[in-house]
Amino acid sequence: MSTSEFSGKTALVTGAAQGIGAACAAALAGSGVAKVVLVDLDGATLEAMDLPCEVVRVAGDVTDEALWARVEQACGTLDCAVLNAGIAGTPALLSDMSYEDWRRVVSVNLDGLFLSLRSTMKLAAKGAGVVLTASVAGVKAEPGTGPYGASKAAVLHLAKIAAKEGARRRIRVNAIAPGGVDTAIWDAVPMFSDLVEKHQGDRAGALEEMASYATPMGRFQSPEEIAAQVLFLLSDAAGTITGTALVTDGGYSL
Ligand code: NAD
């Protein structure tokens, strides 16, 4: 993949302050985009991010409709977008799940994604590339993942709808569906915290044990690996790929 194809372009990344979003922002900036618009709840971390291109930081909640007027103004037109902000929520069986917990996850992962996608489809230039961060949890059903799995399955379907709506303008919309990625999102998952405790604080050991349960390749991925795959989907090499889900999970879903 030639890196210069991103030169001069404007990119939007949500959930950009850490994890997969931060890795995507760094990869885009490193590949020559002229301007990145970074959106995250964590304005302080956005402020501290140093990238080799023009950086516009918009602190706020992707579920806040008013935020999107500010983002639209900051972007102008868009050539690339990585709509990635999401939360895992607290795992619970459907029979035990509070409506509040359900709403919280669906609100960020689906309502927030809708608002992000609406603005993106409005601003996208002809030939733009868009990637939505879904999850393998939206492909493979697991107990305790109700609102997360259902919202991510909806994201996979929204990618297809947006792909059809954007096709005449040559706007490509794809989803990426990662399995376990080593980011802070896991710190809020009680099962993972228990494993870290069992491994006496050794996070790498806990990740290895997690991966050994159900991932044939036996490892988690890094945010940088996911970012490289997102850049492929945004690149000219993926020029006829639209409406697909790239499942990247070390075989977890097989
Ligand atoms: P992370 O917690 O490290 O980063 C998420 C970022 O999104 C944070 O900076 C957070 O502040 C921001 N964010 C959360 N809610 C927001 C909101 N309402 N408005 C604005 N910003 C918000 O997590 P991550 O692992 O990098 O996750 C990124 C995406 O990848 C999520 O959509 C997640 O569901 C998905 N994903 C992660 C994994 C994994 O194993 N880490 C696997 C599959 C999918």
Side-chain angles (χ1 to χ4, degrees), residues 12-27 37-49 57-68 70-71 81-91 103-117 119 131-140 142 145-156 158-159 175-189 191-192 195 203 206-207 210-211 213-215 219-227 229-230 245-250 252-253:
L12 166 68
V13 182
T14 71
Q18 63 179 42
I20 294 169
C24 289
V37 178
L38 307 181
V39 177
D40 204 286
L41 278 176
D42 182 355
T45 302
L46 288 185
E47 280 308 319
M49 285 174 76
R57 299 159 176 90
V58 187
D61 189 325
V62 291
T63 67
D64 174 11
E65 194 170 8
L67 171 88
W68 287 99
R70 285 162 56 209
V71 176
V82 183
L83 307 181
N84 163 81
I87 58 171
T90 310
R103 280 297 324 145
R104 192 166 61 89
V105 175
V106 172
S107 166
V108 178
N109 293 359
L110 187 53
D111 299 343
L113 193 279
F114 156 68
L115 292 174
S116 314
L117 189 55
S119 290
V131 175
L132 314 182
T133 309
S135 168
V136 76
V139 177
K140 182 174 177 173
E142 292 288 5
T145 64
Y148 187 74
S151 59
K152 293 301 188 178
V155 170
L156 294 169
L158 264 181
I176 190 154
V181 186
D182 180 7
T183 72
I185 206 170
W186 286 94
D187 298 343
V189 177
M191 182 196 170
F192 182 69
L195 267 184
R203 190 185 160 82
L207 286 170
M210 279 281 281
Y213 296 152
T215 304
R219 73 172 183 91
F220 267 45
Q221 308 162 89
S222 69
E224 291 72 25
E225 285 177 300
I226 302 299
Q229 295 158 3
V230 167
L246 178 60
V247 176
T248 168
D249 67 349
Y252 171 81
S253 55

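Ligands are counted one by one from 1 in listed order, and the atoms in each one are counted from 1 as well. All residue numbers refer to positions in the sequence shown, counting from 1. Note that the structure is a prediction, hence the values are computed from the model and not measured.
From Leu117, atom CG reaches atom CG of Leu110 across 10.5 Å, with rounding to the nearest 0.5 Å. Note that OG1 of Thr133 and CG of Leu83 are 7.5 Å apart. Values are rounded to the nearest 0.5 Å.
Each of Val247, Thr183, Ile226, Asp249 was evaluated against Pro178; a single residue qualifies, Ile226, per the side-chain contact (heavy atoms from CB on, under 4.5 Å) test. When each of Trp186, Phe192, Tyr252, Tyr213 is paired with Phe220, the ring-ring contact (aromatic ring centres under 6.0 Å, His included) condition holds for Trp186 and for no other.
For ligand 1, residues of the protein lying within 4.0 angstrom by heavy-atom distance are Gly15, Ala17, Gln18, Gly19, Ile20, Asp40, Leu41, Gly60, Asp61, Val62, Asn84, Ala85, Gly86, Ile87, Val108, Thr133, Ala134, Ser135, Tyr148, Lys152, Pro178, Gly179, Gly180, Val181, Thr183, Ala184, Ile185, Trp186.
Looking at Gln229, its side chain never comes within 3.5 Å of a backbone N or O of Thr248 through a donor-acceptor pair.
Between Gln18 and Thr45, the side chains place no donor N or O within less than 3.5 Å of an acceptor N or O (distance only, hydrogens not considered).
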